[in-house]
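In what follows, a single structure is set out as structure tokens and then discussed.
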There are 2 protein chains.
Amino acid sequence: MARAAGVSEATVSRALRRLPHVAPATAQRIEAAAAALGFTPSDSAAALATGRTRLVSVVVPSVVSWFYGSVLEGVDATLRAAGFSAALIDLAQADGVRRRLTARELRSARPIGHVVVGFELDAAEQALLREASAPIVTVGARIEGVPGIGIPEERAAEMVVEHLAALGHRRIGHVGADREEGMNPAVGAARRAAWAAAVARLGLESRPEWFGSGAFRIEASRDAALAMLGAADRPTAVFAASDISAFGVLLAAQALGLRVPEDVSVAGIDDHPFAAAHDLTTVRQSPREQGERAALVLLRGLGVGRGAVPAATPLELVQRASTAPPA
Amino acid sequence: MARAAGVSEATVSRALRRLPHVAPATAQRIEAAAAALGFTPSDSAAALATGRTRLVSVVVPSVVSWFYGSVLEGVDATLRAAGFSAALIDLAQADGVRRRLTARELRSARPIGHVVVGFELDAAEQALLREASAPIVTVGARIEGVPGIGIPEERAAEMVVEHLAALGHRRIGHVGADREEGMNPAVGAARRAAWAAAVARLGLESRPEWFGSGAFRIEASRDAALAMLGAADRPTAVFAASDISAFGVLLAAQALGLRVPEDVSVAGIDDHPFAAAHDLTTVRQSPREQGERAALVLLRGLGVGRGAVPAATPLELVQRASTAPPA
DNA sequence: TTGAAAGCGCTAACAC
DNA sequence: GTGTTAGCGCTTTCAA
């Protein structure tokens with residue numbers, strides 16, 4: 001390659017990395033030769049020579065989920081644009097239970113940073129992440145002393161309850177989640193607490209039966225809603241902890257012959273790709289954007305890029321036909 | 001590290017890779033030292049020394065989709081179990097349009113194999129994949145001269161139509177897909193052709209208006225079904241080209257006040273995670289398993305693993321409450 | 001069964 | 001602005 005362009009290896013290296021101190025004409029000649037020969041420098045060799053890779057590990061509970069998949073996509077796209085790559089560490093197993101992070105998969109690739117998505121990692125796993133003192137950023141999760149990207153969970157829940165209350169609802173149930181396998185349990189807990197707090201603050205009616213646990217899954221949410229909405233003194237509105245939970249609530253309403261929104265209003269959080277088709281009122285969060293921001297924060301931590309990371313897009317209530325004043 | 005175990009680098013290398021000709025006692029001592037020091041060999045250095053990485057590129061149109069995400073998860077898990085890693089190449093962009101595969105991202109990592117998922121790649125992209133003469137396997141796509149994993153599309157569609165016909169339906173509509181961005185257009189075309197063929201073969205009624213294009217998306221499918229089911233001489237059953245299409249059809253039925261299955265039967269293909277909650281009859285395919293099998297085929301092509309790749313799980317009709325005899 | 005030595009394809013420091 | 005040199009951390013002969 002160096003011979004083909006009639007220069008030394010070092011000059012090729014400089015030209016291809018667009019370092020200064022290369023004559024424009026030389027650079028052009030080298031680029032042309034590289035294109036002609038189909039030459040692309042080896043990441044492995046570069047990593048060995050520099051002592052650092054351009055890899056960022058992205059640890060996810062699973063990739064089969066709108067939320068996690070979108071975060072991954074945002075992280076990946078942003079890293080790639082900056083000349084880095086995502087090394088996917090997917091902890092999902094065939095049986096749905098998450099496996100533990102292993103030392104080998106984390107260390108052998110020598111990632112220079114880590115993005116941890118939607119997780120509860122145990123102490124040993126956190127220690128593994130920290131051992132190389134590479135920067136870490138979380139998305140939808142919290143690790144002590146580590147920057148985290150995410151939405152204000154309490155505020156999102158509050159917005160839904162306030163919206164329903166503003167429509168005139170005084171009996172607002174919640175189909176939430178105590179915990180979901182692999183997922184950060186704080187999310188469900190925060191949304192539930194915010195619901196309870198808002199109900200109290202707004203002086204709304206409250207019944208223990210107006211909470212049901214749906215584990216962020218459609219079937220469990222449907223079942224929880226069947227119980228809640230099948231009872232005599234049912235709520236007139238349901239705040240679902242996520243859009244997927246809300247889809248379960250809609251199924252329950254349908255099964256019970258309740259019209260939405262005439263008999264019961266339903267609202268969620270996410271703005272899932274199916275939400276618009278279901279006419280579901282929801283508070284939009286953008287996981288892709290959260291992934292992008294996480295990658296930017298991480299890149300800043302690596303000294304790449306300048307300026308502040310763009311602020312989060314504000315949470316937005318997307319009003320659709322699933323909510324209306326009570327009959 | 002070598003010093004810590006009191007042996008040479010070469011012996012450490014042999015021991016950690018479990019090569020023959022290492023005394024058991026020596027191997028144990030080395031393993032212990034590695035564990036104590038937290039030593040994991042560098043992939044980059046190993047790749048440079050051997051001339052080959054242990055990376056397989058996985059090219060996907062997007063990762064935010066049950067199907068693609070599941071395939072990726074299957075590929076990743078299988079590769080990891082064999083000591084290889086997936087290098088994700090996600091061609092999705094923020095605007096939803098897929099970007100082209102670039103030479104740089106494909107070459108710099110020096111993958112030793114490629115898995116291409118659900119794609120239509122143009123000639124230049126295919127040439128890029130082939131240039132290093134690394135083995136290639138596709139999933140849910142076809143590339144000339146390359147082994148491909150996937151379900152028999154025609155058979156899956158046929159099974160749905162036959163099921164509906166067996167229930168007594170003679171007016172079976174189809175909400176299908178002409179093409180979806182980034183996706184292999186052959187899938188929608190094959191399912192549609194199989195529907196038309198089965199309708200003809202079984203001597204069922206046929207109307208041009210009983211086909212609608214839903215692009216495998218829930219809203220477009222809903223709209224197509226609204227037109228089809230809103231007409232006076234509507235079909236008594238709808239074969240949706242995928243479960244997501246079927247969810248759209250269910251929404252349309254609901255909007256039109258049609259009961260499922262009393263007024264109209266609905267069936268899809270996939271067994272999407274939401275299908276059971278919707279009581280949707282469907283033909284199950286397992287994208288995760290397809291991913292696993294693709295990885296196994298690829299590993300065989302690399303000379304790793306022995307024996308034949310397990311046969312595909314047969315397509316299975318999952319009968320649920322969304323289909324019943326016509327009224 | 002183990003060690004010594006060369007070299008994989010780059011980058012970095014230094015000279016020119 | 002460009003070339004020379006050494007060396008990154010492994011693996012792989014080849015000898016011992």
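Here is the naming used below: chain letters follow the sequence lines, and residue numbers restart at 1 for every chain. Just so you know, these numbers use all the heavy atoms, side chains as well, and skip hydrogens, waters and symmetry mates.
With the nearest nucleotide of DNA chain C identified for both A45(B) and T50(A), A45(B) has the one nearer the 5' end. Judged by closest nucleotide on DNA chain C, A49(B) is the one of A47(A) and A49(B) placed further toward the 5' end. Nucleotides of DNA chain D nearest to P20(A) and R110(A) differ in position, and the one nearer the 5' end is that of P20(A).
Rounded to whole angstrom, the span from the CE atom of M1(B) across to the C1' atom of dT11(D) amounts to 15 Å. What separates CZ of R54(B) from C1' of dC10(D) is a distance of 14 Å, to the nearest Å. At whole-Å resolution of the value, CD in E9(B) and C1' in dG7(D) are 13 Å apart. One can place CZ of R3(B) at 12 Å from P of dG9(D), the figure rounded to the nearest angstrom. To the nearest angstrom, C1' of dT11(D) lies 15 Å from NE2 of H21(B). Across the protein-nucleic acid pair, R14(A) atom CZ and dT11(C) atom C1' stand 10 Å apart, rounded to whole Å. dC10(D) atom C1' lies 11 Å from atom CG of D43(B), rounded to whole Å. For the pair L48(B) CG and dA6(C) P, the interatomic distance rounds to 17 Å; values are reported in whole Å.
The salt bridge (charged side-chain N to carboxylate O under 4.0 Å, His left out) search around D76(B) returns R80(B), not counting sequence neighbours.
The phosphate of dG1(D) has neither OP1 nor OP2 within less than 4.0 Å of any side-chain N or O from R29(A). Applying the 4.0 Å criterion to OP1 and OP2 of dC10(D), one finds that S13(B) has every side-chain N and O outside that range. Residue T26(B) places at least one side-chain N or O closer than 4.0 Å to OP1 or OP2 of dT2(C). Listed pair S8(A) / dG3(D) meets the phosphate criterion, a side-chain N or O lying under 4.0 Å from OP1 or OP2. OP1 and OP2 of dG9(D) both lie 4.0 Å or more from every side-chain N or O belonging to S42(B).
D270(A) contributes no side-chain N or O that, together with a main-chain N or O of H272(A), makes up a donor-acceptor pair within less than 3.5 Å. With hydrogens and angles ignored, the 3.5 Å screen pairs a side-chain donor or acceptor of Q126(A) with a backbone N or O of L121(A). Panel note: side chain E289(B), backbone T313(B); a donor-acceptor pair is recorded below 3.5 Å.
Contact annotation for R52(B): no contact, since no heavy-atom pair falls under 4.0 Å across all strands. Within the nucleic acid shown, A10(B) comes within 4.0 Å of at least one base atom, counting heavy atoms only. V7(A) comes within 4.0 angstrom of the backbone, heavy atoms only, and of no base.
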Side-chain donor-acceptor pairs of residues 127-134 of chain B under 3.5 Å, sequence neighbours excluded:
unit_1  : atom_1 : unit_2  : atom_2 : d
R130(B) : NH2    : E144(B) : O      : 2.9
E131(B) : OE1    : R107(B) : NH1    : 3.1
E131(B) : OE2    : R107(B) : NH1    : 3.0

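When distances are taken from the side chain of A46(B) to each of dC10(D), dC10(C), dG3(C), the shortest belongs to dC10(D).
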